[in-house]
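All heavy atoms count here, side chains included; hydrogens, waters and symmetry mates do not. Residue numbers run from 1 in the order of the sequence given. All values reported here derive from a predicted model rather than from experimental measurement.
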Amino acid sequence: MIKVRATGAALGAEIMGVDFSQDLDDATFNQIADLWQQYEVVFFRDQKLTPAQHVAFSRRFGELELHVRKDCCRPGYHELFVVSNIIVDGKPIGSQDAGLFWHSDLCYLKVPSRGSLFYALEVPHDENGKPLGDTKFASSTAAYNALPDSTQQKIAGLKAVQSYKKGYYRERNAGPRKALTPEQEARTPDVEHPIVRTHPLSGKKCLFVNEGYTSRIAGMNGLEGDALLNELITHSTQPEFIYRHSWRVGDFLLWDNCLVQHQAIPDYQLPLRRHMERTTLTGTAPF
Ligand code: SIN
């Protein structure tokens with residue numbers, strides 16, 4: 001019997017009464033899918049998922065992405081992108097810099113991801129037992145709805161350039177990303193997506209720009225474009241649109257990459273260990 005507890009923020013709900021180590025019937029699966037649409041982020045506590053169960057449940061939503069950085073995926077599971085600060089035999093076991101800037105997963109691809117399913121295997125804590133390494137989620141629907149009418153009209157029909165190599169803020173605050181191999185580079189040319197994106201399932205309108213990967217407004221160079229992008233990016237992550245998730249080992253959390261952008265908080269370092277694994281659902285071309 002499923003129970004739902006909304007976080008009280010603009011988005012997010014905990015779903016109780018589901019055990020992902022057991023088979024889930026279609027009715028329960030459909031209920032989870034509906035709640036995910038409604039709350040934009042949903043999470044389940046105390047789950048014990050094997051990598052194969054994580055992948056199999058994710059596949060019920062559709063095709064999975066094989067991340068361009070295969071070196072960051074779990075050995076034997078190209079579908080599982082590892083986000084971790086752990087180093088084994090001198091080699092990072094996953095991506096150490098994932099999500100430090102606000103972003104939406106794979107928004108820099110022609111077909112961005114539909115959603116991501118994130119499982120917490122190891123969570124760092126401070127000396128008082130407080131979890132570290134939270135993730136913040138901002139509702140892109142709440143951000144769009146809160147824009148003044150004049151701004152909604154101004155951005156209707158405009159596109160923004162999304163770039164794996166440089167985002168407007170990332171470029172200014174952290175410089176370009178780790179260099180890509182020529183093959184990875186060929187898979188990630190800059191792309192243009194609508195600034196106001198329509199969710200393919202619900203038809204909700206979402207503000208689809210972020211500081212991590214959006215580099216400029218297409219066709220609007222110079223100060224005017226920079227000022228508009230700056231305004232939209234600053235607006236989109238105001239506290240009233242945010243839910244901040246404090247992780248516990250065994251948390252399984254689903255976010256929608258059209259309805260939500262997210263950011264990881266790097267307030268810990270080794271020997272405190274963080275190990276998370278993510279499947280990433282293939283999406284559809286934005287409109
Ligand atoms: C990500 O953006 O996939 C990583 C988020 C996190 O580490 O909290």
Side-chain angles (χ1 to χ4, degrees), residues 1-9 11-67 72-84 86 93-94 98-99 105-106 113-125 129 131 133-135 137 199-202 243-260 262 264 273-283:
M1 185 61 175
I2 276 189
K3 281 204 190 130
V4 182
R5 183 161 52 206
T7 61
L11 72 166
E14 178 179 358
I15 303 182
M16 288 156 289
V18 180
D19 178 354
F20 285 94
S21 66
Q22 306 296 315
D23 285 342
L24 285 191
D25 57 43
D26 285 343
T28 308
F29 174 79
N30 291 334
Q31 216 179 336
I32 292 171
D34 289 348
L35 288 166
W36 188 11
Q37 279 308 298
Q38 183 182 344
Y39 288 100
E40 308 184 355
V41 164
V42 289
F43 60 92
F44 308 81
R45 301 279 195 192
D46 303 316
Q47 300 299 320
K48 287 199 170 55
L49 274 180
T50 63
Q53 285 167 335
H54 187 170
V55 170
F57 175 71
S58 307
R59 280 225 175 94
R60 289 179 77 166
F61 290 98
E63 208 180 310
L64 302 185
E65 293 289 340
L66 304 178
H67 200 276
C72 291
C73 295
R74 187 185 183 99
Y77 292 91
H78 195 171
E79 305 91 340
L80 284 174
F81 182 66
V82 178
V83 177
S84 182
I86 299 171
I93 65 165
D105 294 334
L106 313 191
S113 161
R114 168 176 165 192
S116 302
L117 295 86
F118 209 57
Y119 182 50
L121 290 114
E122 290 187 67
V123 175
H125 290 86
D134 292 359
T135 308
F137 297 92
H199 194 276
L201 300 176
S202 62
Y243 163 64
R244 178 171 175 149
H245 188 76
S246 270
W247 295 98
R248 289 191 214 158
V249 169
D251 280 359
F252 187 41
L253 184 147
L254 284 48
W255 67 77
D256 184 295
N257 281 310
C258 179
L259 301 172
V260 166
H262 60 283
R273 292 158 59 107
R274 187 174 187 264
H275 179 180
M276 322 293 261
E277 295 191 355
R278 185 184 99 195
T279 52
T280 317
L281 303 177
T282 300

Are L254 and F118 close enough that some pair of their side-chain heavy atoms sits under 4.5 Å apart?
no
Start with the C-alpha gap between H67 and L80, add the side-chain angles, then the distance that decides, and say whether side-chain contact (heavy atoms from CB on, under 4.5 Å) holds.
CA-CA 8 Å; H67 200 276; L80 284 174; over 6 Å; no
Is the shortest side-chain heavy-atom distance between V4 and Y39 below 4.5 Å?
yes
I2 and I15: side-chain contact (heavy atoms from CB on, under 4.5 Å), yes or no, with the steps?
CA-CA 7 Å; I2 276 189; I15 303 182; 3.9 Å; yes
Taking the side chain as every heavy atom from C-beta outward, state whether M16 and R45 have any atom pair closer than 4.5 Å.
no
With side chains defined as the heavy atoms from C-beta onward, is the minimum distance between Y119 and D251 less than 4.5 Å?
no
At what distance, to the nearest 0.5 angstrom, does OG of S113 lie from CD of E63?
11.5 Å
Starting from the C-alpha separation in whole Å, work towards a yes-or-no answer on side-chain contact (heavy atoms from CB on, under 4.5 Å) for V123 and R248.
CA-CA 6 Å; V123 175; R248 289 191 214 158; 5.7 Å; no
S116 and side-chain hydrogen bond (donor to acceptor under 3.5 Å, both in side chains): which partner among T280, T279, N257?
N257
Salt-bridge present (R74, E277; N to O < 4.0 Å):
yes
Please determine whether side-chain contact (heavy atoms from CB on, under 4.5 Å) holds for the pair Q53 and S21, giving the CA-CA distance in whole Å, both sets of side-chain angles, and the decisive distance to 0.1 Å.
CA-CA 7 Å; Q53 285 167 335; S21 66; 4.0 Å; yes
Validation row: L24, I32 side chains within 4.5 angstrom (heavy atoms):
yes
Any heavy-atom pair between the side chains of H199 and Q37 that's under 4.5 Å?
yes
Side chains of L64 and V55 in contact at under 4.5 Å (non-hydrogen atoms)
yes
May I ask you to decide if the ring planes of F20 and F57 are parallel, tilted or perpendicular, using 30° and 60° as cut-offs?
perpendicular
D256 side, atom CG; R114 side, atom CZ - distance, nearest 0.5 Å
7.5 Å
Flag the pair D105 and R278 as a salt bridge only when some basic side-chain nitrogen lies within less than 4.0 angstrom of an acidic carboxylate oxygen.
yes
Separation between CG (D34) and OG (S202), nearest 0.5 Å, reads 11.5 Å
When rounded to the nearest 0.5 Å, the distance separating CE of M1 from OG1 of T28 is 10.5 Å
Roughly how far, to the nearest 0.5 Å, is CG of L11 from CD of Q38?
12.0 Å
Does the salt bridge (Lys or Arg N to Asp or Glu O under 4.0 Å) test come out yes or no for D19 and K48, once each step is laid out?
CA-CA 8 Å; D19 178 354; K48 287 199 170 55; over 6 Å; no
Are F43 and H245 an aromatic pair by the rule of ring centers under 6.0 Å?
yes
Does D23, at its CG atom, have more than 12 non-hydrogen atoms belonging to other residues, nucleotides or ligands within less than 6.0 Å?
no
Please report the interatomic distance OG1(T135) to NE2(H262), rounded to the nearest 0.5 Å.
7.5 Å
I'd like to know if K3 and E14 make a salt bridge, using a cut-off of under 4.0 Å between side-chain N and carboxylate O.
no
What heavy-atom pair brings S246 and P131 nearest, and what distance separates the two atoms?
CB-CG, 4.4 Å
For the ring pair Y77 and H54, is the centre-to-centre distance below 6.0 Å?
no
Taking the side chain as C-beta and beyond, is there a heavy-atom pair between E122 and I86 under 4.5 Å?
yes
What are the two closest heavy atoms between G133 and W247, and how far apart are they?
O-CD1, 3.2 Å
Considering the options F61, F29, F44, which one meets the ring pair (Phe, Tyr, Trp, His ring centres under 6.0 Å) requirement together with W36?
F61
Examine distances only and state if a side-chain atom of T7 and a backbone atom of A13 form a donor-acceptor pair shorter than 3.5 Å.
no
